[in-house]
Asker: 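I have a structure I would like to understand better, so I am pasting it below and will then ask my questions one at a time.
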Protein chains: 2
Amino acid sequence: MTEARMPGFSRCNNATLRRAARSLGRFYDDAVAPSGLKGTQFGLLFQIHVSSEPAMGTIAEALIMDLSALGHTLKPLIRDGYIETFADKEDRRVKRVRLTPQGEVKLDEAIKLWSVAQQQFEDKVGAEQAAKLRAALDAVADLNLEMPTAAPSN
Amino acid sequence: MTEARMPGFSRCNNATLRRAARSLGRFYDDAVAPSGLKGTQFGLLFQIHVSSEPAMGTIAEALIMDLSALGHTLKPLIRDGYIETFADKEDRRVKRVRLTPQGEVKLDEAIKLWSVAQQQFEDKVGAEQAAKLRAALDAVADLNLEMPTAAPSN
DNA sequence: CGGCAAAAGTGGCATATGCCACTAATTGAA
DNA sequence: TTCAATTAGTGGCATATGCCACTTTTGCCG
């Protein structure tokens, strides 16, 4: 039946990673859905929450995401009143982000939901294994891979 | 520096997975870019290539992706003439997919580019480690996690 | 055979992400 | 001080993904 997924295929690290991301993403999405948030939005709110009024660029860097992509993703959250932005006093080019009171409330609500999914996941794969997997994923994410195209400047 | 990424944050398996996916995704995207394909499109063409004129549902299941999402993703590839669809003789509800001759050519071209990225990745993390990571990811993807929300029908 | 439930896709709508071109604010010289 | 180069975001465009509602086929049952 699942022969369609030839063993030779899953050799692509990227495809395998995306496949797992889709799968796990749906699980966490379902979990936090009652809050009205998506898994990604929850993660974003959390990231902002644990940072100190981070600049957009700082968030983008931490999450390894394109700055403009972050901007787009932030819009629905601003629209819904969960976060707000304000210019940095020192450098007016910099836009900082923070949760609104409603955002804090919503985050607390979502954390409870998230915990259930997180716990269930850890129960299934084991906290130890989960930690190892996260470590491996962080290592991959921080590899800083680059195609030779852009030859090193020096 | 990267203090913005509090250790407490990466505890979310989903967020960690997505972050890694964004990172690796860009790497592979850059690699196959010269072919005009995205990493996901390459993966899709490959999946179709190694299958036998698979039905859309079959592909979606193998890749653990929403059927409608697959349909949307397929459009650009059909528009560009890399794949074509046709109704199944037995069951007219089923729509099968196959590569066009141009699609085969494009895939061959992309495979060469992909190989470079794949090789570079394996060189960095080690073929052994990469294989283990993929296995772990496949295991996670196939966990079949589900939020209790949908209480068993019986 | 008629009709209803299940299966397979489609289309619409919304978020997630990226890249590129462009604007505003800074910084670093000359 | 003035202007070119750099930095931080924005807006537009395109793909990636999901969910939901709806249509077409099937399959099955009385």
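Protein chains get the first letters and strands the later ones, always in sequence-line order, with residue 1 at the start of each.
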Asker: How does protein reach along nucleotides 14-23 of chain D, written 5' to 3' as B (base within reach of a heavy atom under 4.0 Å), S (only sugar-phosphate), or - (no contact)?
Answerer: -SSBBBB---

Asker: Do we see a donor-acceptor contact under 3.5 Å between the side chains of A:E122 and B:N13?
Answerer: yes

Asker: Do side-chain atoms of B:Q120 reach the backbone of A:E146 as a donor and acceptor pair under 3.5 angstrom?
Answerer: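 Pair found, side chain donor or acceptor close to backbone of A:E146.
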
Asker: Any idea which of D:dT26, D:dG9, C:dA25 is nearest the A:V94 side chain?
Answerer: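 Given the options D:dT26, D:dG9, C:dA25, the side chain of A:V94 is closest to D:dG9.
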
Asker: A:M56 has an atom CE; how far is it from atom C1' of D:dG11, in whole Å?
Answerer: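 In whole Å, D:dG11 C1' lies 12 Å from A:M56 CE.
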
Asker: Without decimals, in angstroms, what is the distance between A:R96 CZ and D:dA8 P?
Answerer: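 Rounding to the nearest Å, CZ of A:R96 and P of D:dA8 are 11 Å apart.
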
Asker: Looking at A:Q47, is its backbone amide N or carbonyl O close enough to the side chain of A:S51 to form a donor-acceptor pair, meaning the two atoms are under 3.5 Å apart?
Answerer: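 Yes; at least one donor-acceptor contact below 3.5 Å.
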
Asker: With the side chain counted from C-beta on, respond yes when A:L133 and A:V125 share a heavy-atom pair under 4.5 Å apart, and no when they do not.
Answerer: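 A:L133 does not reach A:V125 side chain to side chain.
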
Asker: A:E53 pairs by salt bridge (charged side-chain N to carboxylate O under 4.0 Å, His left out) with which of A:R98, A:K89, A:R96?
Answerer: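 One option only clears the test, and that one is A:R98.
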
Asker: Distance alone, cut at 3.5 Å: any donor-acceptor contact between the side chains of B:Q118 and A:N14?
Answerer: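 Judged by distance alone, the side chains do not pair up.
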
Asker: For A:A55 and B:D91, take the nucleotide of DNA chain D holding the closest heavy atom to each; which residue's nucleotide lies nearer the 5' end?
Answerer: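 Result: A:A55.
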
Asker: Looking across every strand, which nucleic acid part, if any, lies under 4.0 Å from A:G57 by heavy atom: base, sugar-phosphate, or nothing?
Answerer: sugar-phosphate

Asker: Is the phosphate of D:dT26 approached by B:R92 (side-chain N or O, under 4.0 Å from OP1 or OP2)?
Answerer: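 B:R92 to D:dT26 OP1/OP2: side-chain N or O found under 4.0 Å.
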
